Amino acid sequence: MSQMHTDVVIIGAGSIGTLTALYLVRRGLSVVLLDRGFAGGQSTGVSPGSLRLQGRNPTEMPLSMRAQEMWEAFEDDIGESVEFEQKGHLFLALTPAHLDKIDALMPIEAAHGNFCEKLSRDEVLRRWPCLTPENLGGMFNPRSAVVNSRMVAPAVARAASRAGALLFEQEEVRLVERKGDTFFTCTDRDRRIESPIVVNAAGMWARPFANSFGEDAPMFSAGPIQMVTEPVPQFLDPVVHSVDGHIIFRQTRAGNIVVAGHPRVPVDDVARRSRVPPDKTLRNMRRLLNAAPGLLPQSIIRIWTGIEGYLPDMLPVLGPSATTPGLFHAFGWSGHGLQCAPAAAESLTQLIVGGASPIDLSPFAIARFTGAARPDEQKLRDEFEDNVVRPRSGAAAS
């Protein structure tokens with residue numbers, strides 16, 4: 001068996017795992033980063049790439065706003081392009097209830113320094129004449145951006161490796177145990193790594209590692225449906241997002257239209273398989289044409305989904321273990337972790353190196369599930385197909 005020693009072991013090479021590795025080695029710590037697949041191969045890589053600021057849970061806004069600052073300097077920081085483009089994000093109102101939601105959101109966003117424009121129907125059509133004349137208005141955030149999500153984690157992993165981190169892909173962690181002040185992480189390649197610190201960033205598969213140290217979070221799995229069309233002439237700059245999230249689309253710099261939309265579908269996280277139901281593809285294309293009726297039907301060139309981990313309150317677990325010194329968690333981002341990833345990784349790094357985070361992480365503590373954490377019933381109803389197995393009402397504390 002191969003024996004190693006390092007300051008930190010990170011389990012999971014998604015956006016947060018790779019960024020935490022990069023920031024830690026820059027602070028002088030040695031890091032081993034492990035992934036049973038490839039960097040960015042799960043939820044990071046299946047994201048549509050939207051770095052959306054508006055419409056987030058207010059609890060997340062400090063992380064989100066700090067992350068936006070970091071994204072704006074991201075490519076210079078890591079030394080590679082991830083196709084970052086800052087063209088804004090439009091919440092499109094298609095019903096009176098959508099307008100009510102926009103009215104409720106505007107002061108919340110402003111209170112966090114996230115200033116959005118409320119647009120009338122005519123203003124929407126003047127700026128984006130491709131959109132439906134049946135729209136009732138919108139809320140536009142010019143600061144929101146997009147990236148190519150498939151590029152992010154691999155690019156950060158390369159930057160971390162150049163800085164001195166050791167990345168082992170296609171290597172599955174079989175066991176993490178603690179003896180005294182030392183963790184022993186054992187993999188399926190007969191590698192045994194000693195470290196005083198472990199970061200559990202294993203996505204949907206983070207729960208067993210938490211369980212092995214006597215704590216739990218009621219995570220469940222689902223898959224976001226994404227598709228991309230053939231290239232068409234440029235017609236759209238921002239991400240367009242119906243207020244209820246049932247249709248989300250943007251145009252890439254190459255002209256392709258990336259399409260997504262709730263509800264999310266069931267996946268098999270045990271067999272690690274996910275499948276796009278054909279009716280979901282047709283439904284999203286109909287919604288696209290309803291939102292942008294000037295488009296002719298386009299040929300779809302790729303359809304995909306992945307396996308993401310969700311928590312009943314739709315907030316992540318981020319911060320130190322409640323039971324075990326030296327163990328830190330970063331999982332359960334419920335489909336919106338990419339935008340927050342730089343600030344989440346920065347906060348973890350500060351906790352590990354300096355003992356305090358610049359952002360209050362207490363709302364994301366894993367211990368909330370032993371108390372009064374409440375499910376977000378509205379999101380659980382609206383954002384998942386009925387056959388997605390998710391915690392029952394009141395089950396967040398189970």
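Here the structure is a predicted model, which is why all the values come from computation and not from measurement.
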Does a side chain donor of either [X] or [Y] reach within less than 3.5 Å of an acceptor in the other side chain?
| X | Y | value |
| --- | --- | --- |
| N211 | E215 | no |
| S64 | Q339 | yes |
| Q42 | R36 | no |
| S357 | Q350 | no |
| D7 | S30 | yes |
| H98 | D244 | yes |
| S120 | D122 | no |

Under the 6.0 Å and 45° cation-pi test, does R191 pair with F168?
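Here R191 passes the 6.0 Å and 45° test against F168.
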Is the cationic atom of R207 (NZ for Lys, CZ for Arg) positioned less than 6.0 Å from the six-membered ring centroid of W205 and within 45 degrees of its normal?
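Cation-pi check for R207 and W205: fails.
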Charged N to carboxylate O under 4.0 angstrom, R264 versus E385?
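No salt bridge links R264 with E385.
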Presence of salt bridge, D237 and R253, under 4.0 angstrom:
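Salt bridge absent between R253 and D237.
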State whether the number of non-hydrogen atoms from other residues, nucleotides or ligands found under 6.0 Å of [X] atom [atom1] is greater than 12.
| X | atom1 | answer |
| --- | --- | --- |
| D181 | CG | no |
| R158 | CZ | yes |
| D386 | CG | no |
| R273 | CZ | no |

Could you point out which residue of R52, H241, R143 forms a side-chain hydrogen bond (donor to acceptor under 3.5 Å, both in side chains) with H89?
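The side-chain hydrogen bond (donor to acceptor under 3.5 Å, both in side chains) with H89 is passed solely by H241 among R52, H241, R143.
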Could you tabulate the donor-acceptor pairs under 3.5 Å formed by side-chain atoms of residues 101-110, not counting sequence neighbours?
unit_1	atom_1	unit_2	atom_2	d
D103	OD1	K118	NZ	2.4
E109	OE1	N114	ND2	2.7
E109	OE2	G55	N	2.7

Would you indicate whether the side-chain heavy atoms of R272 and D268 approach each other to under 4.5 Å?
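No; the side chains remain at least 4.5 Å from each other.
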May I ask you to test the P316-E60 pair for a side-chain heavy-atom distance under 4.5 Å?
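Yes, at least one pair of side-chain atoms sits under 4.5 Å.
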For the residue pair [X] and [Y], is the inter-centroid distance of their aromatic rings smaller than 6.0 Å?
| X | Y | value |
| --- | --- | --- |
| F213 | F183 | yes |
| F91 | F140 | no |
| F331 | F209 | no |

Just verifying a value: how many Å separate [X] [atom1] and [Y] [atom2], rounded to the nearest 0.5 Å?
| X | Y | atom1 | atom2 | answer |
| --- | --- | --- | --- | --- |
| T187 | L175 | OG1 | CG | 10.5 Å |
| Q3 | F184 | CD | CZ | 8.5 Å |
| M227 | T281 | CE | OG1 | 4.5 Å |

Do L19 and M70 belong together in a cluster built from hydrophobic side chains that touch within less than 4.5 Å?
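L19 clusters together with M70.
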Give the cluster check for F328 versus I366: same hydrophobic cluster or not, with ILVMFWY residues linked at side-chain heavy-atom distances below 4.5 Å.
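No, it is not one cluster - the side chains of F328 and I366 are not joined through contacts under 4.5 Å.
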With A159, which residues qualify under side-chain contact (heavy atoms from CB on, under 4.5 Å), at least two apart?
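Here the qualifying residues are L22, I78, R162.
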Would you mind writing out the side-chain donor-acceptor pairs for residues 192-200 within the sub-3.5 Å range, not counting sequence neighbours?
unit_1	atom_1	unit_2	atom_2	d
S195	OG	I197	O	3.0
N200	ND2	A206	O	3.1
N200	ND2	H329	ND1	3.2

